[in-house]
Protein chains: 2
Amino acid sequence: MGRPRTYTRDEVLRKATDLFARKGYEGAHLQELVDVTGLNRFSLYKEFGGKEGLFQAALEGYLGQLAALSAALQRDPAGLANVRAFYAALLAEDFPHGCLAVNTIREKHVLPAHVYATIERFAAETERSLLRNLRGAEQRGELAPGTDAEGLAQFLTALNMGVMSYAIVAPDPACRARIYGVVESVLR
Amino acid sequence: MGRPRTYTRDEVLRKATDLFARKGYEGAHLQELVDVTGLNRFSLYKEFGGKEGLFQAALEGYLGQLAALSAALQRDPAGLANVRAFYAALLAEDFPHGCLAVNTIREKHVLPAHVYATIERFAAETERSLLRNLRGAEQRGELAPGTDAEGLAQFLTALNMGVMSYAIVAPDPACRARIYGVVESVLR
DNA sequence: CCTGTTGCAGAACAATCGTTCTGAAACATG
DNA sequence: CATGTTTCAGAACGATTGTTCTGCAACAGG
């Protein structure tokens, strides 16, 4: 009972995520968060404990979505097909204001340490998943013999980060498709 | 005449650049800038006009250094040799806290518009220089026929941004060398 | 040594930050 | 319709932000 809330937790997180992606953790001021989410200050503190809690919640939700995109990398058998499926999924999504995760990396020295650690862990995990599939591809002869699988995994991870930054400068989604097209020439 | 100043403009800019690279424009607070540069508030305002002026000066100096690194791209004849020299120069430099220019991109919606425009212009210009050399390579038969030179230029630009982000997560410079090694397989 | 000028160190400023608090509004229940 | 509970809207809080100001220190020239 009591007065019904005028917001949905998911909806609030969606809008907060959007603002955080545009302005960053420090750059997104509480007043803007209140304006954008429609959630009043009181409820914001009751629901999320404060700005940091809201950011953490938004980030975790976002990383969850990203993890769903990389689900293809977990399939068996490990190989290039999984990597290609991963990129296809990435391409289907659009990132109008860049990627919250990548943007947040740049705030390493501004964020509470445990928040940043969340991102670093996720990045390492994704790279590991990529590596698993590249090793699998190596064994199955999908990659040229003598390929540096580890270096390739790092390369792909770095490229993903780069594409997310490039998306801010050139928001046209077609660019991303073109860039990923070039990646094909590496995967063999 | 008058009391001699205890600072050098270049030294101040160097230290300010370092702090801005770590914390970003909004994240680098004036008190920290004062502490790090050793420049007192009064002189900071007299010399640079304020935080925004200091950032703009630091950024322009930094972009100048980056431009020096990409000088190889301006040489004739345009071709892959120039691109390789560019990457060698990039690799020789080290970026302990990532790249100020790339880090600043994520602050697009926080920065004064004309400051952000500086970065965007620089990125576009570098990509154009890359494209010139890729087209040259195409004509001279250094690239496989039918290669998407424009896409390749976008790819390389995005990759550079990515490597600078990756350098924050994995500060080991050896990683960058490894990643650039993979790029070789694209340049042919 | 005095005087004029410039830079230094820190106090003081309004504005804004994230956070907390207060009183009224909007329901479910008896 | 009263009562209890939960949320809402906005005022109020101390702390910190970028900026400006004030008094003193350190030189060059006469």
State whether [X] places a side-chain N or O below 4.0 Å from either non-bridging phosphate oxygen (OP1 or OP2) of [N].
X: B:S43; N: C:dG7; answer: no
X: B:T6; N: C:dG7; answer: no
X: B:K46; N: C:dG7; answer: yes

Whole Å only: how far is the [atom1] atom of [X] from the [atom2] atom of [N]?
X: A:N40; N: D:dA9; atom1: CG; atom2: P; result: 6 Å
X: A:E26; N: D:dG18; atom1: CD; atom2: C1'; result: 13 Å
X: B:E52; N: D:dT17; atom1: CD; atom2: P; result: 19 Å
X: A:Q31; N: D:dC13; atom1: CD; atom2: C1'; result: 15 Å
X: A:Y25; N: C:dC17; atom1: OH; atom2: P; result: 14 Å
X: B:F48; N: C:dG7; atom1: CZ; atom2: P; result: 13 Å
X: B:L33; N: D:dT16; atom1: CG; atom2: P; result: 17 Å

By nearest nucleotide on DNA chain D, pick out whichever of B:K51 and B:F42 is the more 5' one.
->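 It is B:K51 whose nearest nucleotide is closer to the 5' end.
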Residue closer to the 5' end of DNA chain D, B:R3 versus B:G50 (nearest nucleotide) =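 Looking at DNA chain D, the more 5' nearest nucleotide goes with B:G50.
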Does any donor atom in the side chain of [X] or [Y] lie under 3.5 Å from an acceptor atom in the other side chain?
X: B:S165; Y: B:R106; value: no
X: A:Y116; Y: A:E120; value: yes
X: B:E60; Y: B:Q56; value: yes

Under a 4.0 Å N-O cut-off, is there an ion pair linking A:E125 with A:R121?
->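 Salt bridge: no.
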Residue [X], side-chain heavy atoms: nucleotide from [options] that is nearest:
X: B:R41; options: C:dT20, D:dC27, D:dT20; result: D:dT20
X: A:H29; options: C:dC17, C:dC27, D:dA11; result: C:dC17
X: A:L30; options: C:dT19, D:dA26, C:dG7; result: C:dT19

Check whether any side-chain heavy atom of A:L73 lies under 4.5 Å from a side-chain heavy atom of A:R128, and answer yes or no.
->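 Result no, sub-4.5 Å side-chain heavy-atom pair not found.
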Spell out yes or no: do the side chain of B:R5 and the base of C:dT6 have one donor N/O and one acceptor N/O closer than 3.5 Å?
->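 No such pair is found, so the answer is no.
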